[in-house]
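Take a look at the structure below.
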Amino acid sequence: MLNAPLPLGATIGMLGDGQLGRMLSLAASRLGFKTAVFGPEDGAPAAQVSASAIVASYDDEDALRRFAASCDVITLEFENIPAATLEFLTGLGKVVAPGAHALRITQDRVLEKTFAREQGVATVDFRAVDTLDDLKAALAALGTPSLLKTRRDGYDGKGQVWIRDASEAEAAFNAVGGKPSILEAKASFTREISVVAARGWNGEMRAFPIGENHHVNGILSTTLAPAPVSDDVTKAAHDIARRVLQGLDYIGVLAVELFVLDGDVLVLNEIAPRVHNSGHWTQEGCVCDQFEQHIRAVTGWPLGDPSARCTVEMTNLLGDDILDWPRLAAEPQAQLHVYGKAEPRPGRKMGHINRIKS
Ligand code: AMP
């Protein structure tokens, strides 16, 4: 718990060194803070723009001690930081936001959906799957098509396999490596939306306008925001975000991905306990963007104004898309964001472009 806002010049520790950490560091520096990055990769995107960087694995206790000594508060940009790392840092007397409890729940798809239901938030029907027999029973209960996902470590559509017929059970279980999994009923959604929202130390909450998301091969391709949804959908999505933030006793920014079913019924797909790709549009689209909002929340500053200034279409630049930078950089009414990654491997998030629509 922070008892007072952190002063100008304080140092924010960042667990994780990717593009989200990079954009958080840039936002922090705009408010006069310094950042110290902790992550596994030398010269990573966040380390390039931070005052200091420690390159080490998340279980290296000596490195974590050195990191902790330099930080006034610690946050994260990557949800698969081991909860034990957060507990270790908390044990050193450090303030860590969001906390280990929020991470434990959101790192596991079964715990996450169970939590959502406990908060009165609808999810698709699901069953936990530990064995092939569990999977067969789950398929009998949920029917096909249904989607088998690993409980942990899945992102951007990885660790997921559609099952179209019960006879595919064994092949599907092998395809996810026989790992503890979840079987989900297919959501027949009309659109996918997300809500990004923040909660501060005093319990105050602010939500951004809704984004409408389009995925290609399981990876986010574009977000259009504010999305053309009814006021009722916006209200319902904001209400879900508030329940999730309060239920997790969460400090910082998080994202809730939702399916919109017929009749504008909302169903939670996933919670990301961090700033989110579907919130990148806020950089050009909102008075205070998601990165600054997260920094404000974890440092005990007043939350910023999340209202929209314009409509933005955010497009991810994956792999070789980034090689088109001379043309993208010349576009009017657009802002190019490049993450500083050396190698444009296929599907790798290299940057994004925010195009102002109105
Ligand atoms: P996830 O990694 O859970 O966010 O899933 C990636 C994408 O797969 C989602 O954005 C949806 O497009 C699709 N998807 C995930 N779960 C389901 C489901 N239960 N029913 C239908 N589509 C899904």
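Every number for a ligand or one of its atoms is a count from 1 in the order of the listing. Only a predicted model underlies this, so the values are computations on that prediction, with no experimental measurement involved.
The closest non-hydrogen atom to atom 8 (O) of ligand 1, taken over Gln160, His215, Glu184, Arg109, comes from Gln160. Evaluated by nearest non-hydrogen atom to atom 18 (C) of ligand 1, the leading choice among Pro145, Ser146, Ala272, Ala187 is Ala187.
Between His280 and His352, the ring-plane angle classifies as tilted under the 30° and 60° cut-offs.
The distance criterion of under 3.5 Å between nitrogen or oxygen atoms is met by Ala185 with respect to ligand 1. For a threshold of 3.5 Å applied to N or O pairs, the pair formed by Glu192 and ligand 1 contains at least one separation below that value.
Other residues, nucleotides and ligands contribute at most 12 non-hydrogen atoms within 6.0 Å of the CG atom of Asp231. For Trp301, the CH2 atom counts as densely surrounded, since its 6.0 Å shell holds more than 12 non-hydrogen atoms of other residues, nucleotides or ligands. Surrounding NZ of Lys179 are at most 12 heavy atoms belonging to other residues, nucleotides or ligands under 6.0 Å away. The environment of Asn202 atom CG is dense: over 12 non-hydrogen atoms of other residues, nucleotides or ligands sit within 6.0 angstrom.
Each of the following atoms of ligand 1 lies closer than 4.0 Å to a heavy atom of Glu257: 4 (O). The atoms of ligand 1 that sit less than 4.0 Å from any heavy atom of Lys186 are 20 (N). Short contacts between ligand 1 and Leu147, defined as distances under 4.0 Å to a heavy atom of the residue, involve ligand atoms 14 (N), 15 (C), 16 (N), 17 (C), 23 (C). Each of the following atoms of ligand 1 lies closer than 4.0 Å to a heavy atom of Glu270: 1 (P), 2 (O), 3 (O), 4 (O). Atoms of ligand 1 found under 4.0 Å from any heavy atom of Phe189, numbered from 1 in the order shown, are 12 (O), 21 (C), 22 (N). Interface atoms of ligand 1 facing Asn269, defined by a heavy-atom separation under 4.0 Å, are 1 (P), 3 (O), 4 (O), 16 (N).
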Working for salt bridge (charged side-chain N to carboxylate O under 4.0 Å, His left out), residues Asp305 and Arg206: CA-CA 8 Å; Asp305 179 355; Arg206 296 270 173 96; 5.7 Å; no
Please determine whether salt bridge (charged side-chain N to carboxylate O under 4.0 Å, His left out) holds for the pair Lys149 and Glu184, giving the CA-CA distance in whole Å, both sets of side-chain angles, and the decisive distance to 0.1 Å. CA-CA 8 Å; Lys149 304 178 179 177; Glu184 295 183 9; 3.0 Å; yes
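Here NZ of Lys113 is found 7.5 Å from CZ of Phe126. Values are rounded to the nearest 0.5 Å.
Contact annotation for Asn213 and ligand 1: no heavy atom of the residue comes within less than 4.0 Å of the ligand. At a 4.0 Å heavy-atom cut-off, ligand 1 does not touch Phe126 at all.
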